[in-house]
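Below is one structure, written out as structure tokens, with a few remarks after it.
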2 protein chains.
Amino acid sequence: MQTLWQFMRSHPIGGTLSKNDWENNDFLSVTAKIYKPHSVIGRQDDDNSEIFIVKSGWAILYHGLLDGERQIIDTPLTGDIVGFRSVDGPRLASLASITELTVYEISSKELVEAILSEGRLGKKIACSLARLNAILAEHLMNTGRRNAMSRTAHFLLELEERLSMVRLSAHGRYECPLTQHELADILGMTTVHVNRTLRELRKADLVSFKAGHVQVINRKKLVEIAGFDNEYLR
Amino acid sequence: MQTLWQFMRSHPIGGTLSKNDWENNDFLSVTAKIYKPHSVIGRQDDDNSEIFIVKSGWAILYHGLLDGERQIIDTPLTGDIVGFRSVDGPRLASLASITELTVYEISSKELVEAILSEGRLGKKIACSLARLNAILAEHLMNTGRRNAMSRTAHFLLELEERLSMVRLSAHGRYECPLTQHELADILGMTTVHVNRTLRELRKADLVSFKAGHVQVINRKKLVEIAGFDNEYLR
DNA sequence: CGCTATCTTGACTGAACTCAACTAACGTGG
DNA sequence: CCACGTTAGTTGAGTTCAGTCAAGATAGCG
């Protein structure tokens with residue numbers, strides 16, 4: 001059992017709040033819950049209204065379409081908020097763990113009440129949502145206006161940047177537990193084409209993705225063909 | 001010159017606040033500014049940090065890529081917030097008017113201060129951003145996992161729903177001042193293909209888009225091929 | 001050791017793009 | 001008021017990038 005102030009200090013939401021700020025607010029308690037790899041944490045269309053904040057591990061947030069296809073909306077990482085809705089209602093997307101995943105689970109109603117009585121929390125949540133917005137907008141450019149190469153390159157660079165911010169990447173290297181199939185559902189491509197594209201990227205000595213390990217080889221060129229600008233992740 | 005409470009009562013952000021709620025807060029004044037059709041209200045990469053709230057008219061929020069392509073992120077409508085960022089920094093996208101456009105312009109810094117001192121504002125902003133998130137996620141499904149037909153159908157249904165909420169659509173009819181070229185940049189397609197797709201939709205007696213006028217003809221079938229569920233717009 | 005998930009590759013297909021030409025609508029200035 | 005330029009929309013022919021289908025390789029696991 002922990003209070004929310006602990007979350008507030010986690011990256012990338014930032015830690016401008018001291019523990020003291022929250023002493024009168026520990027009614028807003030959160031439990032850190034641990035899930036096994038490949039478990040479903042929250043299911044699309046379900047009515048349970050918890051909000052999740054990722055503490056550690058990899059997850060995917062996805063929406064299944066009627067024809068059996070799915071689109072992965074985002075890969076929430078440490079500090080990211082999932083499931084906040086503008087109104088009461090069913091979940092719009094499912095959250096599933098990829099690795100072992102630790103999440104804070106907060107009652108939606110209690111979080112809203114806490115926002116009402118503590119402006120700093122409202123600000124943090126708003127900022128976090130604004131950042132997610134920017135990420136989604138960038139994914140939209142990816143699927144809408146970039147070809148397979150530049151799209152894949154862009155996403156791998158995004159991951160590198162996001163992971164750096166939570167100390168999970170350095171020197172262009174990081175662990176990425178996503179399968180090519182999952183990558184395909186993120187990028188709006190087929191598994192087969194993801195495979196070919198990764199081969200191309202490797203052959204061009206730009207970036208390699210093998211056995212869950214990503215290594216940026218030629219950052220300058222990669223950034224160029226991806227049209228990558230990290231400003232949106234700040 | 002108006003105070004922000006006026007905005008708060010506008011759809012779809014909802015009007016749970018009374019004028020009284022804001023009497024001690026009219027330091028947060030906002031000016032409603034009117035722009036001519038096809039003017040640029042805020043430019044990508046610029047450092048001015050106003051936040052815009054659309055009062056009336058049509059606008060597009062877009063991001064230009066290096067190769068001259070652009071992706072339209074959203075078409076903000078009455079009540080929608082544009083330009084809120086998680087940190088200080090340049091604009092991530094440009095905002096341009098399509099029709100005559102009236103927007104409230106609010107200093108980013110002042111808005112954040114107001115959020116800090118008034119929880120209800122923070123809640124409203126957070127909810128508004130969460131809704132935008134849901135819209136972007138849906139656009140992502142569109143470009144990532146739906147074909148031209150169902151993608152176009154989906155967007156036309158989204159517009160119908162969003163416009164209904166601000167009383168600008170009824171009985172499946174609404175005015176839409178977007179060109180096919182703009183539609184293409186929203187949907188991640190080419191102008192030519194948008195044209196062909198609209199013809200198909202018309203020929204199948206599903207929906208017609210002619211001369212800025214949209215008419216849903218067979219809603220049931222249209223919803224079906226689009227895989228449309230309006231829940232995300234609530 | 002066999003089962004299953006993941007990855008890889010090749011051959012073929014097709015949805016959407018490109019290029020190009022033409023029509024329609026509109027505005028504006030001579 | 002018509003001539004001209006400009007923007008928007010339309011259509012056809014040919015191309016291409018990514019998808020589909022199918023088969024095999026690899027590897028992790030119970």
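A, B, ... follow the sequence lines: proteins, then strands. Residue 1 opens every chain.
- Minimum atom distance to the side chain of A:V192 is reached by D:dC21, of the listed D:dT11, D:dG19, D:dC21.
- When distances run from any side-chain atom of A:K210 to the nucleotides D:dG19, C:dT8, D:dG9, the shortest one goes to C:dT8.
- With A:R85 contributing its side chain and A:P90 its backbone, the two residues share a donor-acceptor pair below 3.5 Å.
- Spacing between atom CG of A:L198 and atom C1' of D:dA18 amounts to 15 Å, rounded to whole angstrom units.
- Ion pairing between a basic and an acidic side chain is recognised when a charged N comes within 4.0 Å of a carboxylate O; B:E158 and B:R162 show such pairing.
- Between B:R145 atom CZ and D:dA18 atom C1' there is a gap of 12 Å when expressed in whole angstrom units.
- B:H193 has its NE2 atom 6 Å from the C1' atom of C:dA15, to the nearest Å.
- Both A:G188 and B:T179 lie near DNA chain D, and the one whose nearest nucleotide falls closer to the 5' end is B:T179.
- Atoms NE2 (B:H38) and C1' (C:dG27) sit 14 Å apart, rounded to a whole Å.
- Of the charged side-chain nitrogens involved, at least one lies within less than 4.0 Å of a carboxylate oxygen, so that B:R70 and B:D185 count as a salt-bridged pair.
- Nucleotide D:dG9 holds its C1' atom 18 Å from the NE2 atom of B:H213, rounded to whole Å.
- Taking side-chain N and O atoms only, A:N195 has a distance below 4.0 Å to OP1 or OP2 of C:dT8.
- Between the CG atom of A:L183 and the P atom of C:dT8 there is a distance of 12 Å, rounded to whole Å.
- Of the charged side-chain nitrogens involved, at least one lies within less than 4.0 Å of a carboxylate oxygen, so that A:R131 and A:D80 count as a salt-bridged pair.
- The CD atom of A:E200 sits 16 Å away from the C1' atom of C:dC7 (whole-angstrom rounding).
- A salt bridge links A:R219 with A:E160; the closest basic N to acidic carboxylate O contact falls under 4.0 Å.
- Residue contacts for B:R196: at a heavy-atom cut-off of 4.0 Å it reaches a base atom on one of the strands shown.
- For A:R199, the side-chain atoms get nearest to C:dT9 when compared with the rest of D:dG19, C:dC17, C:dT9.
- Whole-Å rounding puts the B:H181 NE2 to D:dT10 P distance at 16 Å.
- Distances from the side chain of B:Q180 to the nucleotides C:dT6, D:dT10, C:dT8 place D:dT10 closest.
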